[in-house]
A.B. asks: 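One structure, as structure tokens, below. Some questions next.
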Amino acid sequence: MKQTYIREISKYVGQEVVIKGWLYNIRYSGKLMFPQIRDGSGIIQGVVFKKAVSETVWKGFESLTQESSIIVKGKPREDSRAPGGFELDISDLEIVQIAEPYPITPKEHGVEFLMDHRHLWIRSKRQHAILRIRAEVIRAIRDFFDENDFVLCDTPIFTPAACEGTTTLFECNYFDDAKAYLTQSGQLYNEATAMAFGKVYCFGPTFRAEKSKTRRHLTEFWMVEPEIAYATLDDIMELAENFITHIVTRVLERRSEELRVLERDTSKLEKIVPPFPRLQYDDAARMLKEAGLAFEYGSDFGSPDETFLSSQYDKPVMIHRYPAQVKAFYMEVDPERPDLALCVDVLAPEGYGEIIGGGQRMASLEMLRKRIAEHNLPESAFDWYLDLRKYGSVPHAGFGMGVERCVAWLCGIEHVRETIPFPRMLYRLRP
């Protein structure tokens, strides 16, 4: 018989089905057994009547351990009391493998233990819910840009130069003793493809060698980066509003069950609609000072600063026009105040901090050369990037959004390490 997936079980009520999966849990009540079976698409509670099955089947269930792999045959029926609203009256069992004693038990485990067993931890309900929401976020991201006529243009993982500063690069050996770096961002290459296609985006893994242990940092994370020719700071701020709203709406519509498993307060997500509050850097700095935080004007915001600012709003807040000295070399300056960059950071509400960073890119060849020199970067490494200002330079803008921070906010979880199947952090490279 053809395999039936648990997520589609409502279509087969009263019909005999075959489910291939793993034993999630089992409890006994005299001549009844209630095995819970998961198959990756969901969990269903089975019912085994001793009188209705062979002795081989009954003893087979008695021999099972948690996460044993099994194939069961039975008929599903509706039952509002059962998890998922359906039960499976089981008639037959095939044991694929009896699992060894499972290391993750119902008792409390420490974070390090769970991270060491991440390859098994992802089978749990909570982790399953988080990673399904992550998959939905990724699908929503691609749909948003594809449906708005952006062209997906992949950018290199190996790069010859820094994009976000030289101190956070992972250096590796390339051929013939050359040095290469793992990408911090696809943005510089996005600018080239935007000059070819008008509206583009790249989406893939990025790497930051920051020696940070905060709950918001990974050394390897996934980022989506749109870039638009003939766009200004205001254009991409509006794009970011619509983009975030689209993602939140999609997750609310399609992942309500996963949000319920996580006990997420969805009323807070339902408030995420444009327009978002917009706050100039000067005003944000003033708020921090009035709140008594140790913040020095002219510096970038740290995690405590972002947490405070984002907690003051029930929507994402857009902080724009930071001092140019704390932003990347390619940021355009405000013509009215050249000490400020035409940039924006979008902070998620509920204290989750920055999820989007972007801005308008410098269009002047002369000014870009000057900024590269000010940042002590070798101009020779950016010869192709400077060409974009020689051959048809135009105002253009874009942003980057880290998937993991967005997922952490949507799920209402404390640490980004749970938002990616196998996190890479300062002291974690395994499993």
Side-chain angles (χ1 to χ4, degrees), residues 112 115-116 118-119 122 134 138 152-196 200-227 300 326-331 354 357-358 361-362 368-390 398-405 415-417 419-431:
E112 286 305 308
M115 292 305 298
D116 286 342
R118 182 64 176 169
H119 51 294
I122 57 176
R134 175 192 174 93
I138 289 172
L152 175 63
C153 292
D154 298 322
T155 55
I157 299 296
F158 287 127
T159 63
C163 176
E164 298 288 347
T166 57
T167 59
T168 60
L169 287 165
F170 281 108
E171 183 181 291
C172 49
N173 294 322
Y174 211 58
F175 300 107
D176 299 323
D177 296 324
K179 294 294 183 185
Y181 306 94
L182 297 182
T183 183
Q184 299 165 310
S185 164
Q187 184 226 305
L188 302 188
Y189 295 94
N190 263 2
E191 292 184 50
T193 54
M195 297 306 120
V200 300
Y201 75 103
C202 67
F203 194 4
T206 49
F207 307 84
R208 302 284 170 91
E210 289 179 85
K211 292 189 175 180
S212 174
K213 294 187 288 184
T214 79
R215 63 189 177 91
R216 296 176 185 165
H217 283 88
L218 296 170
T219 56
E220 176 186 326
F221 61 97
W222 283 67
M223 186 157 63
V224 59
E225 300 175 86
E227 195 78 23
D300 206 351
V326 301
K327 289 300 179 182
F329 70 90
Y330 50 73
M331 287 293 187
E354 181 191 341
R361 319 309 187 187
M362 193 164 281
L368 185 58
R369 276 181 167 151
K370 181 180 177 183
R371 290 301 298 275
I372 288 172
E374 288 173 353
H375 281 71
N376 297 314
L377 297 171
E379 185 173 312
S380 59
F382 297 94
D383 51 0
W384 66 269
Y385 185 63
L386 291 167
D387 277 353
L388 304 178
R389 276 71 180 174
K390 296 177 183 177
F399 63 74
M401 187 192 80
V403 168
E404 289 75 18
R405 287 190 185 181
H415 203 295
V416 292
R417 64 185 161 221
T419 63
I420 189 169
F422 298 99
R424 296 291 175 253
M425 298 178 290
L426 180 57
Y427 298 117
R428 178 153 303 273
L429 191 57
R430 298 180 71 245

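The structure displayed is predicted, hence computed values, not measured ones.
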A.B. asks: Parallel, tilted or perpendicular for Tyr189 and Trp384, by the 30°/60° rule?
C.D. replies: parallel
A.B. asks: Got a second to check how far Met425's CE is from Thr219's OG1, nearest 0.5 Å?
C.D. replies: 8.5 Å
A.B. asks: Looking at Lys390, I want to see if its NZ is surrounded by more than 12 non-hydrogen atoms of other residues, nucleotides or ligands under 6.0 Å.
C.D. replies: yes
A.B. asks: Keeping Arg215 on the side-chain end and His217 on the backbone end, is there a donor-acceptor pair under 3.5 Å?
C.D. replies: no
A.B. asks: So, does Arg208 use its side chain to make a donor-acceptor pair with the main chain of Gln184 at under 3.5 Å?
C.D. replies: yes
A.B. asks: Mind checking whether Pro205 and Ile157 have side chains closer than 4.5 Å, heavy atoms only?
C.D. replies: yes
A.B. asks: Using 0.5 Å steps for rounding, measure from the CD atom of Glu227 to the OH atom of Tyr201.
C.D. replies: 15.0 Å
A.B. asks: What distance separates Glu210 CD from Leu218 CG, expressed to the nearest 0.5 Å?
C.D. replies: 11.0 Å
A.B. asks: Which value, rounded to the nearest 0.5 Å, describes the distance between Met223 atom CE and Thr155 atom OG1?
C.D. replies: 9.0 Å
A.B. asks: Between the side chain of Arg389 and the main-chain N/O of Met362, is any donor-acceptor distance below 3.5 Å?
C.D. replies: yes
A.B. asks: Between Glu404 and Arg417, is the closest basic N to carboxylate O distance under 4.0 Å?
C.D. replies: no
A.B. asks: Who pairs with Tyr174 by ring-ring contact (aromatic ring centres under 6.0 Å, His included), at least two apart in sequence or on another chain?
C.D. replies: Phe158
A.B. asks: For Arg405, which residues count as a side chain to side chain donor-acceptor pair (under 3.5 Å) partner, sequence neighbours excluded?
C.D. replies: none
A.B. asks: Any side-chain heavy atom of Ile372 sitting closer than 4.5 Å to one from Leu386?
C.D. replies: yes
A.B. asks: Is there a side chain to side chain contact (heavy atoms under 4.5 Å, CB included) between Leu169 and Glu171? Walk through the geometry before answering.
C.D. replies: CA-CA 6 Å; Leu169 287 165; Glu171 183 181 291; 5.8 Å; no
A.B. asks: Looking at every non-hydrogen atom in both residues, tell me the closest pair between Pro431 and His119 and how far apart they are.
C.D. replies: CG-ND1, 3.8 Å
A.B. asks: Quick check on the 6.0 Å ring-centre criterion: do Phe382 and Tyr330 meet it?
C.D. replies: no
A.B. asks: At what distance, to the nearest 0.5 angstrom, does CZ of Phe422 lie from CD1 of Ile420?
C.D. replies: 10.0 Å
A.B. asks: NE2 of His415 to CE of Met115: how many Å apart, nearest 0.5 Å?
C.D. replies: 8.5 Å
A.B. asks: May I ask you to decide if Phe221's main-chain N or O and Thr206's side chain share a donor-acceptor pair within less than 3.5 Å?
C.D. replies: yes
A.B. asks: State, to 0.1 Å, how close His375 and Lys327 come at their nearest heavy-atom pair, and which atoms those are.
C.D. replies: NE2-O, 3.6 Å
A.B. asks: Could you report the tightest heavy-atom contact between Asn190 and Val200, atom names first, then the distance?
C.D. replies: O-CG2, 3.6 Å
A.B. asks: Between the side chains of Arg428 and Glu112, is the shortest nitrogen-to-carboxylate-oxygen separation below 4.0 Å, so that they form an ion pair?
C.D. replies: yes
A.B. asks: Would you mind reporting whether Thr168 and Phe207 have side-chain heavy atoms less than 4.5 Å apart?
C.D. replies: no
A.B. asks: Where is the tightest heavy-atom contact between Cys202 and Gly186, given as atom of each residue plus distance?
C.D. replies: SG-CA, 4.0 Å
A.B. asks: List the steps and the verdict of side chain to side chain contact (heavy atoms under 4.5 Å, CB included) for Arg424 and Leu429.
C.D. replies: CA-CA 5 Å; Arg424 296 291 175 253; Leu429 191 57; 3.6 Å; yes
